[in-house]
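Just below is one structure, and these are the notes that go with it.
Note that ligands are numbered from 1 as they come in the structure, with each ligand's atoms numbered from 1 the same way. For reference, positions follow the sequence shown, starting with 1. Note that these values count all heavy atoms, side chains included, but never hydrogens, waters or copies made by symmetry.
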Amino acid sequence: MDSLTQSFVGFPSEPSRLRKAKPWRLWWSEKRRKDERLLQAAAEGNSRIILELIHPNDGGPPAGVHSYCKSGASSGRGPLHLAVASGVVEAVELLLGQGADVNFCSRKTRLTPLHVASAYGSSEMVDLLLEARADTLSKTDDLQLALHYAAANGHAEVVKMLLQHEGTSQLCVRNASGQRPIDSASDLHTVCVFREFEARRGHETMGSRRNSASSEASTATGSSYDGQCTGGSDISVAVHLLPCQTRPCLVGDCQDSQDGYADRTPLASGFLLRNARTDAVHRLMHRTRQLDEALSEERERPDGRTLSAKSFKAASPKDSPGRSPSASSGTSTPKIRTPFARMRQGSSRVEKVGPNSFELVNLLGRGSFGEVFQVKHKRTGKAYAMKVLQKSRIMSSNLLRYAVTERNILAYIRHPYIVSLHYAFQTPSHLVLVLQYCPRGNLQHLITREKRLCEDLSRVYTAEILLALIHLHERHTVFRDLKPDNVVIDEAHHALLTDFGLSKEGVGQRGTKSFCGSVAFLAPEILLRKGHNHTVDIYNLGVLLYDMLTGLPPFYHHDRETLFANIKHARLEVPLYVSRIARSFIEATMEREPAKRIGGHHTSDVKGHVFFADVDFAQLMRREVPPPEAHPSDEPSLSWNRHGPLGLAGRAPESPFARADRGWRGRYTRGQNSSSERGVSGWDFSFVPPTRSSGSCSGQQSAVSGQNEDSDCSTSTYRRGIMVHRRPSSQSSHSQDV
Ligand SMILES: Nc1ncnc2c1ncn2[C@@H]1O[C@H](COP(=O)(O)OP(=O)(O)OP(=O)(O)O)[C@@H](O)[C@H]1O
């Protein structure tokens with residue numbers, strides 16, 4: 001049973017005793033159906049369905065991220081294997097973000113997702129899995145590493161990436177046929193990658209003395225190999241492929257005098273012709289040796305039981321996703337199934353956080369269901385924005401699903417212009433999201449302070465938010481609540497979307513302030529209750545630009561009914577000081593008929609408007625376009641003080657947890673523990689912060705375009721939607737399994 005199932009609130013804890021109970025049977029059949037749908041969605045790479053199944057809104061059981069495919073060619077594989085095979089990076093990121101074990105083995109052959117990605121040669125997937133701490137030393141039941149698969153299929157790029165992760169340990173691992181990864185290589189280019197790695201390692205580890213020895217040896221064997229694979233240098237490579245005995249092996253553990261596997265003839269096309277006779281003899285000897293070992297092990301056993309699968313793994317490598325390195329063997333050996341492969345424990349260890357992990361610094365804002373604080377992580381000293389939602393308020397309005405939606409979207413969306421989620425945890429009284437902190441307040445604060453913004457700055461902010469919306473819409477997510485309060489400004493003056501609660505509809509019926517604040521942004525189709533789609537966000541983008549340029553939203557009127565009537569029917573008046581091009585953009589985005597609105601088909605079409613003629617969106621995506629400063633001298637503190645943080649300087653705000661704890665303890669001791677204090681299943685989300693290595697901030701990839709994502713190191717703990725577990729030098733003592 002997977003952890004999600006175990007944590008499901010309504011699930012009976014002892015299924016064996018309740019096997020005959022009808023609710024239990026119904027629960028399980030529903031669960032099985034969802035598991036199957038999840039596998040199908042993973043195979044199709046459909047992240048929207050995956051998310052819906054893992055966090056169902058219907059109150060039923062969630063699909064398990066560690067279920068197995070029961071039939072077909074993929075039988076025995078889990079959702080992560082299938083998502084990797086689908087080639088949809090986003091689906092893989094989502095599954096990893098939702099707690100799928102990156103080292104989850106397939107039931108039949110103990111393939112890990114890394115094996116699958118290596119066999120398919122998808123360097124992007126391999127990179128992603130390695131970042132999520134996939135185990136490069138994990139072996140299939142025929143003892144193959146992912147490196148064997150990559151080498152056998154001639155994926156030199158993947159081989160290079162795998163070698164960069166514990167390459168030395170992988171080099172000497174032999175599969176069931178006795179082949180090391182380099183022996184499995186099917187083309188010269190791949191062999192070159194291995195040799196280059198060996199040479200580099202040799203240089204690093206053995207120092208100048210050994211180097212000179214090796215160069216002497218190279219000279220002795222006539223090799224001119226210099227660690228570089230230079231396209232057509234077949235002859236030098238062929239010389240280099242001399243058997244190991246005739247040249248020094250530079251990587252310490254790999255000195256294997258029996259290795260005759262390099263006895264291969266390079267063909268002109270770059271393929272290696274195997275020496276069939278050498279292959280066959282080598283394999284036979286290797287298996288005989290294994291059989292001997294297994295027999296002697298059996299003889300030593302007092303209980304005299306038969307051979308264990310562990311001691312005899314000479315079965316031919318079936319079910320390999322790629323071409324098997326020893327497919328020519330033809331030898332049939334009795335296949336003894338290895339025991340059920342368990343999930344690897346300890347590889348996805350994460351930091352456990354709670355209210356006590358953070359120090360409250362300031363109150364940033366109050367929302368409908370709670371407050372947002374600036375906090376400092378006590379251990380790392382990093383600043384975050386902590387959104388604290390009151391369970392009682394959420395549950396009494398029956399809006400839990402909106403909070404869960406916010407958590408879920410933020411857990412897997414990674415974008416330079418969307419705030420990132422770092423942790424989520426809960427207390428008996430609160431749901432908490434710990435977000436990337438944007439120290440320059442929200443856009444409404446800026447507009448209020450500046451009265452109105454210049455067109456250049458407004459254009460950059462509109463373009464940044466447009467990129468965020470395109471990213472969301474491509475993922476079938478409609479933001480629905482775009483307004484200046486939900487756009488926050490980071491240290492580098494960039495605009496980021498925040499608040500994915502979508503809870504404004506419910507709040508509206510209660511007539512709260514928050515609703516009043518956002519009514520001016522309601523699209524006409526929402527007011528007319530005609531049904532709406534992604535184009536409401538495009539409409540709101542036009543309203544946002546209008547608001548930035550004029551200081552007020554269009555159609556504004558203090559009387560709500562008049563405002564609504566204006567939004568529905570009044571003529572759009574854009575002040576004359578707004579440029580013609582900006583006006584045309586506002587008119588195109590605020591077109592009342594959604595079907596006629598710019599971006600009606602694809603939000604990315606909006607980029608083509610002449611308003612953005614001078615915007616380089618690729619550069620913008622890399623955060624390389626600095627927004628012109630609204631006020632040259634503004635400092636975070638100055639920009640905040642007038643309309644921003646509500647906390648008092650030098651005094652920490654009152655902790656919502658302490659407040660609630662007092663109330664909760666009181667109720668608890670009186671025995672009136674409320675139902676809203678129940679745990680919310682699947683809410684918690686945290687990670688082990690990476691050990692900071694040089695250049696860890698560089699090379700961050702964006703989910704959209706594979707470009708640099710964020711210059712802020714605090715967000716570099718995530719990569720393309722998943723928790724990144726860089727290999728820490730030592731595991732945190734605060735860690736626990738997800
Ligand atoms: N990541 C952040 N960094 C800095 N400030 C933030 C951040 N997230 C939110 N805030 C501040 O907190 C305010 C409220 O946040 P948010 O809109 O997410 O809360 P909410 O409870 O959903 O509010 P509402 O119901 O009014 O929409 C924002 O307007 C902004 O000023």
Side-chain angles (χ1 to χ4, degrees), residues 358 360-377 382-391 393-394 397 399-400 402-407 409-410 413-424 430-449 468 479-522 540 544 547 636-637 639-647 653 656 710 712 714-715 718:
F358 301 93
L360 295 190
V361 179
N362 221 335
L363 179 60
L364 299 177
R366 280 207 177 91
S368 325
F369 297 103
E371 293 148 327
V372 182
F373 296 91
Q374 179 194 346
V375 294
K376 188 168 109 184
H377 192 294
K382 276 186 186 165
Y384 293 103
M386 181 192 274
K387 185 166 178 173
V388 185
L389 303 169
Q390 281 187 32
K391 280 187 188 173
R393 281 207 223 168
I394 291 178
S397 318
L399 293 174
L400 177 62
Y402 291 109
V404 172
T405 305
E406 174 164 30
R407 178 252 177 238
I409 293 172
L410 286 170
I413 291 280
R414 286 292 169 268
H415 192 273
Y417 300 116
I418 296 177
V419 293
S420 49
L421 176 69
H422 290 253
Y423 307 94
H430 288 100
L431 293 172
V432 183
L433 298 172
V434 181
L435 303 158
Q436 172 187 352
Y437 173 55
C438 295
R440 292 183 186 273
N442 67 35
L443 191 54
Q444 186 55 57
H445 299 145
L446 187 67
I447 295 172
T448 314
R449 193 192 71 195
F479 188 66
R480 289 209 299 189
D481 197 21
L482 182 56
K483 56 179 180 176
D485 314 61
N486 288 342
V487 175
V488 280
I489 316 291
D490 72 5
E491 184 62 49
H493 295 267
H494 289 292
L496 280 77
L497 273 186
T498 189
D499 189 2
F500 285 71
L502 306 176
S503 53
K504 307 311 173 231
E505 291 161 342
V507 179
Q509 281 142 26
R510 294 168 39 179
T512 66
K513 189 164 167 270
S514 173
F515 182 83
C516 293
S518 50
V519 282
F521 280 74
L522 288 178
N540 285 342
L544 192 76
D547 200 348
S637 53
S639 65
W640 267 104
N641 282 344
R642 201 157 142 232
H643 300 283
L646 309 172
D710 202 325
D712 177 8
S714 67
T715 56
Y718 285 97

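With contacts defined as side-chain heavy-atom distances shorter than 4.5 Å, the pair Asn442/Pro484 does not qualify. The shortest distance between side-chain heavy atoms of Lys391 and His430 does not fall below 4.5 Å. Counting only heavy atoms from C-beta outward, the side chains of Leu482 and Val487 approach each other to under 4.5 Å. Two residues are said to be in side-chain contact when any heavy atoms from C-beta on lie closer than 4.5 Å; His422 and His377 fail this criterion.
Within ligand 1, counting atoms from 1 as listed, the ones closer than 4.0 Å to a heavy atom of Leu364 are 4 (C), 5 (N). Residue Asn486 approaches ligand 1 through these ligand atoms, each under 4.0 Å from one of its heavy atoms: 17 (O). Listed by number with element, the atoms of ligand 1 under 4.0 Å from a non-hydrogen atom of Val372 are 9 (C), 10 (N), 12 (O), 14 (C), 15 (O). Every atom of ligand 1 is numbered from 1 in the order shown, and the set under 4.0 Å from a heavy atom of Asp485 is 28 (C), 29 (O). Taking every heavy atom of Thr498 and a limit of under 4.0 angstrom, the matching atoms of ligand 1 come to 8 (N).
For a threshold of 3.5 Å applied to N or O pairs, the pair formed by Val419 and ligand 1 contains no separation below that value. Where the criterion is an N or O separation shorter than 3.5 Å, residue side chain and backbone included, Tyr437 fails it with respect to ligand 1. For a threshold of 3.5 Å applied to N or O pairs, the pair formed by Asn442 and ligand 1 contains at least one separation below that value. Below 3.5 Å of separation, one finds no N or O of His445 facing any N or O of ligand 1.
Counting heavy atoms closer than 4.0 Å to ligand 1, residue Lys387 contributes side-chain atoms (C-beta onward) but none from N, CA, C or O. Residue contacts with ligand 1, taken as heavy atom pairs separated by less than 4.0 Å, involve Asp499 via backbone and side-chain atoms alike. Contacts of Cys438 with ligand 1, taken as heavy-atom pairs under 4.0 Å, involve both backbone and side chain.
Between Phe500 and Phe479, the ring planes lie perpendicular to each other; the angle is over 60°, past the 30° to 60° tilted range.
The closest donor-acceptor contact from the side chain of Asp499 to the backbone of Asp481 lies at 3.5 Å or more, if one exists at all.
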Take Leu443 and Leu544 through the side-chain contact (heavy atoms from CB on, under 4.5 Å) test and state the conclusion after the steps. CA-CA 10 Å; Leu443 191 54; Leu544 192 76; 4.1 Å; yes
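Look at Lys483 and Asp547 and you find no salt bridge, because none of the NZ, NE, NH1 or NH2 atoms lies under 4.0 Å from a carboxylate O.
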